Amino acid sequence: MKQYYDFKNIEPKWQQAWEDSHLFSTTETDEKEKFYLLEMFPYPSGKLHMGHVRNYSIGDVIARFLKMQGYNVLHPMGWDSFGLPAENAAIKHGAHPAEWTKQNISEMRTQLKQLGFSYDWNREVATYSEDYYKWMQWIFIQFFKKGLAYKKENPVNWCPSCQTVLANEQVVEGRCERCSAEVTKKNLSQWYLKITDYADRLLKDLDKLDGWPEKVRLMQRNWIGKSEGAELDFDIKGKTEKLRVFTTRVDTLFGVTYMVLAPEHPYVKTLAKGTPQEGQVLAYIEKCAKMSDIQRTSTTNEKTGEFLGCYAINPINGKEVPIYISDYVLMDYGTGAVMGVPAHDERDFEFATKFGLDIIPVVDPRDPAIDVNDLKAAFVAQGEMINSGKYDGMDNVSGIAAITKDLADQGLGEKMVNFRLRDWLISRQRYWGTPIPMIFCESCGWVPEKEENLPVKLPVDVKFTGKGESPLATSAVFSKVDCPVCGKPAKRELDTMDTFLDSSWYYLRYCDAGNDQEAFSKEKADYWMAVDQYIGGVEHAILHLLYSRFFTKVFYDLGLCSVDEPFTNLLTQGMVLKDGSKMSKSLGNVVSPEEIIEKYGADTARLFILFASPPEKELEWSDAGVEGSYRFINRVYRLVEEMAEITKEIPLSYKAEGKEDLSLSFVMNNTVKRVTSDIRERFNFNTAISAIMELVNEMYRYKELDDINLGLLADATDRLVRMLSPFIPHVTEEMWAALGHKESVYLATWPSFDPAALIRDTVEIVVQVNGKVREHVTVASGLDRDAFTQTVLEDQRVATLLQNKQVVKIIAVPDKLLNAVVKG
RNA sequence: GCGGUAGUGGCGGAAUCGGCAGACGCGCACGGUUGAGGGCCGUGUGGGUAACACCGUGGAGGUUCAAGUCCUCUCUACCGCACCA
């Protein structure tokens, strides 16, 4: 392919010029409206992939566009640079994780600069640097002081391959989110953040986030999983303990025919003690303990369980029901105990059928097709209450309120809300993360390191074995410390933090990146926050986006910032595919940004990625499509070069006259209008680009005419270059300079359009007969309905079309269409 | 199982409020320019027909003067959640 414009020279030249003039650095000012545009920062894994290029190209177009529209734009970049791959590389190659990470950052930073993104590199942040993790530790201590960080021993998710614990959110279908190894359970003492304290606010405030995709809000809603119900106490026959259960269906209380506890429930061993069933019960508990989450939570499993040998007493009617244990009851949700209502719960129905327990219907479907006394499956929909004493005849929804109130009045139960969301387990038994700044003292318990001693630095004398305990334990010096409270010898926490903590506040650090006195100043955070537009992959819909919302709310409560939601608008970009599937090394379908930049230049890569698909959709990579984008840039380049030559001395003031002038003027103004709204309101860069292509086609056509208006053509060229500059910044700088400008096109204003030029005297409209297009006629524009109808009907061809036909009805849409409904 | 999103030419996609389906690009075909090739410029390109007619937005119904767009049912693909009481 012939190279017309010399991108290999042009691109580095302008990148250097931008850097030398600090073009993209931003400061706070009241003179302009601020706009905080943020793309999710990358993990420095080695080199950029196409997903990065797509993410950052989208962001860069918006940033440059808004800058030209007069906003004070904050557009920063940094590195999510703690994490396991660095440590694994260290184990494999013997180098320190910092070396590996530093090397990758340097390489990826170079690539980002090669792509011409308008980042304010003065604000660059790397989470592995001491001046970042110092403040991470400070933040952790504030959480601790507020009672939002605690340590407890619990069965936790353990990834045997990564050799560390995982948060609930990092377990996907029972497997490690990172490496897909099957997750097992381990009883360990670990640090947690109390995100559950914020469950209600995290849920409620989703309603405020109308700039987020509904899909993401829904995923978060489901993840938080609020359910409203009641807790009630069942007495146990012959014992003093009471069994507390949580249910959303108190209306089915008369239908309880058994009770079932989680195998881990604290009462189980005592209740079974001395019963004939004790042996089987203990064996069952043993069996469950050995199962992985995948086995245990599989819905295809047949129900299993054991009778405990004792009975519970239903508080509403005094009825005795047998108590079982079964692994379908989870200890960490609700109370770990469930009342069994086989008639109205699918799982209970299955369990009761298996164990031959009674099935008592208490809600009547009022459907002749269903025989309540011979249910083939649980009936879970709404209906009328039966077999429920004084509540009979009530609809079951009212029944919930009525029974809850009656039980509460008698002190037997209370309204209760439960969440699916669990507290966030943040300890990791790994080296390459922020050390948890906590110290254990025999006399004082867990106390935080003194703030003036931060950061607690990662020790360098450690061994990376990838096995067993935390690598920090292998340091000879790290753990030994004096208690900050009483001064006695004490020990440091040896685990590091989940790296998702680091990425939960980086957007605040960008506001005040160099600050060595605070994590960020409130003043600067208040100026920039919230992030006006956030852009990234949908894979972060739960983890990162939920944690960041949690952090922001805590900061808000601590008075550190004035917003309680971090991201006002969210754009989730689709994946980059090749041959129908995600680019991956194992499939061998990876196209590297490097080779595309080498062959076509950064501008072509950016243009193709934005043109091929709207940002939320998946993007199918096409080498031929890249060629097309390259061809288009060449076409524009030739046009602008020619225009620069011809129009050098032409002033921009001109008068558009005649059909062809008005036509080009219309297309030019309309293109500005379309492109502006496509970028600003819809983020549909693909249609913005195609509109610009249409303008270019029109300009090519126009310039070959006999009598052309050079002023008009110069104006079109000027607007064309401005409009293209956010997409293809390097080559448009070159064009802009060729057109005689001394300043960067980045500092130019975004073109406006003249609404008067969009009004045309005549308009081509469609004439339909019975809804089918039959004629196109040209009429004066702006007529009212009657005048429009009359004018169209007077048209000779329309009259011919309708002669000998009986017109029943005329539908007229002025300036658009006329539809004649005819008979015969 | 529950929830969500999407299905439009050979391909990526467009149609923003119910009003000309297929913009723009790729590919393909033909013509021009050229010593040739490449490149560039131009024309054509949903199916169908000699030309009309007619058919056409996953499928089947429906509402409407008018449906890719709204409603009902249904198929397929992808995504999320999944024994949460």
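Note that the structure is a prediction, hence the values are computed from the model and not measured.
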Rounded to whole Å, please give me the gap between [atom1] in [X] and [atom2] in [N].
| X | N | atom1 | atom2 | result |
| --- | --- | --- | --- | --- |
| A:Phe349 | B:G1 | CZ | P | 18 Å |
| A:Ile811 | B:G19 | CD1 | P | 14 Å |
| A:Asp348 | B:C83 | CG | P | 15 Å |
| A:Leu543 | B:G80 | CG | P | 12 Å |
| A:Asp332 | B:C83 | CG | P | 11 Å |
| A:Glu346 | B:C83 | CD | P | 13 Å |
| A:Ile224 | B:A82 | CD1 | P | 14 Å |
| A:Phe608 | B:G27 | CZ | P | 12 Å |

- If you take atom types as modelled and just measure distance, does the side chain of A:Asn222 reach the base of B:C81 with a donor-acceptor pair under 3.5 Å?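 Absent.
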Heavy atoms from other residues, nucleotides or ligands near [atom1] of [X] exceed 12 (cutoff 6.0 Å):
| X | atom1 | value |
| --- | --- | --- |
| A:Lys185 | NZ | yes |
| A:Glu214 | CD | yes |
| A:Glu775 | CD | yes |
| A:Lys354 | NZ | yes |

- Between A:Asn669 and A:Val672, is a side-chain contact (heavy atoms from CB on, under 4.5 Å) present by the stated rule, with each step listed? CA-CA 5 Å; A:Asn669 281 284; A:Val672 174; 5.7 Å; no
- Query: Glycosidic conformation of B:C17, syn or anti, with 90° from 0 as the boundary?
  - Reply: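 Chi for B:C17 falls in the syn range.
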- Message: I want to verify the glycosidic state of B:G9; is it syn or anti under the 90° rule?
- Response: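 Syn for B:G9; the angle stays within 90° of 0.
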By nearest atom, which of the nucleotides [options] is closest to the [X] side chain?
| X | options | value |
| --- | --- | --- |
| A:Thr247 | B:U16, B:A85, B:C78 | B:A85 |
| A:Ser613 | B:G13, B:A82, B:C65 | B:G13 |
| A:Lys617 | B:G13, B:C55, B:C65 | B:G13 |
| A:Glu618 | B:C78, B:C83, B:G42 | B:C78 |
| A:Phe246 | B:C65, B:G4, B:A85 | B:A85 |
| A:Lys816 | B:A15, B:G19, B:A85 | B:G19 |
| A:Lys215 | B:C65, B:C79, B:A82 | B:C79 |

- Item | Under-4.0 Å salt bridge between A:Lys816 and A:Glu764 |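 Salt bridge: no.
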- Query: Between A:Arg249 and A:Asp251, is there a side-chain N and carboxylate O pair less than 4.0 Å apart?
  - Reply: yes
- Query: Can you give the dot-bracket line for RNA chain B, using ( ) for pairs inside the strand, [ ] for pairs that cross earlier ones, | for pairs with another strand and . for unpaired bases, where Watson-Crick and G-U count if both distances are under 3.5 Å?
  - Reply: (((((((..(((......[....)))(((((((.....)))))))((......))..(((((..]....))))))))))))....
With a non-hydrogen cut-off below 4.0 angstrom, is [X] in contact with a base, only sugar-phosphate, or nothing?
| X | answer |
| --- | --- |
| A:Arg221 | nothing |
| A:Ser227 | sugar-phosphate |
| A:Val341 | nothing |
| A:Thr248 | sugar-phosphate |

Looking only at side-chain N and O atoms, does [X] come under 4.0 Å of OP1 or OP2 in [N]?
| X | N | value |
| --- | --- | --- |
| A:Arg638 | B:C41 | yes |
| A:Arg420 | B:A82 | yes |
| A:Lys772 | B:C55 | yes |
| A:Tyr328 | B:A85 | no |
| A:Arg682 | B:A15 | yes |

Inter-nucleotide [atom1] distance ([N], [M]), Å rounded:
| N | M | atom1 | answer |
| --- | --- | --- | --- |
| B:G27 | B:U74 | P | 43 Å |
| B:G56 | B:C40 | P | 39 Å |
| B:A67 | B:G19 | C1' | 10 Å |
| B:A60 | B:G68 | P | 14 Å |
| B:G58 | B:A53 | C1' | 27 Å |
| B:U57 | B:G22 | C1' | 9 Å |
| B:G46 | B:C41 | C1' | 27 Å |
| B:C70 | B:G18 | P | 8 Å |

- Passing candidate, ring pair (Phe, Tyr, Trp, His ring centres under 6.0 Å) with A:Tyr630, options A:Tyr637, A:Tyr600, A:Phe608: A:Tyr600
Flag for [Y]-[X]: side-chain donor and acceptor within less than 3.5 Å:
| X | Y | result |
| --- | --- | --- |
| A:Asp423 | A:Thr196 | yes |
| A:Trp212 | A:Gln220 | no |
| A:Tyr702 | A:Asn697 | no |

- Item | Toward the 5' end of RNA chain B, by each residue's nearest nucleotide, A:Ile542 or A:Met339 | A:Ile542
- Nearest-nucleotide wise, let me know which of A:Met331 and A:Asp678 is further upstream toward the 5' end of RNA chain B. A:Asp678
- Item | Results of ring-ring contact (aromatic ring centres under 6.0 Å, His included) for A:Tyr258 - residues two or more places apart only |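 Testing A:Tyr258 for ring-ring contact (aromatic ring centres under 6.0 Å, His included), a comparison that skips the adjacent residues, returns A:Phe351.
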- Would you confirm whether A:Asn686, through its side chain, and A:Phe611, through its main-chain N or O, come within 3.5 Å as a donor-acceptor pair?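 No, because the side chain of A:Asn686 does not come within donor-acceptor range (under 3.5 Å) of the backbone of A:Phe611.
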Enumerate all atom pairs, one protein N or O and one N or O from nucleotides 20-25 of chain B, separated by less than 3.5 Å.
residue: B:C20; atom: O2; partner: A:His776; partner atom: NE2; Å: 2.6
residue: B:C20; atom: N3; partner: A:His776; partner atom: NE2; Å: 3.4
residue: B:A23; atom: O2'; partner: A:Glu694; partner atom: OE2; Å: 3.2
residue: B:G25; atom: OP1; partner: A:Asn697; partner atom: ND2; Å: 3.3

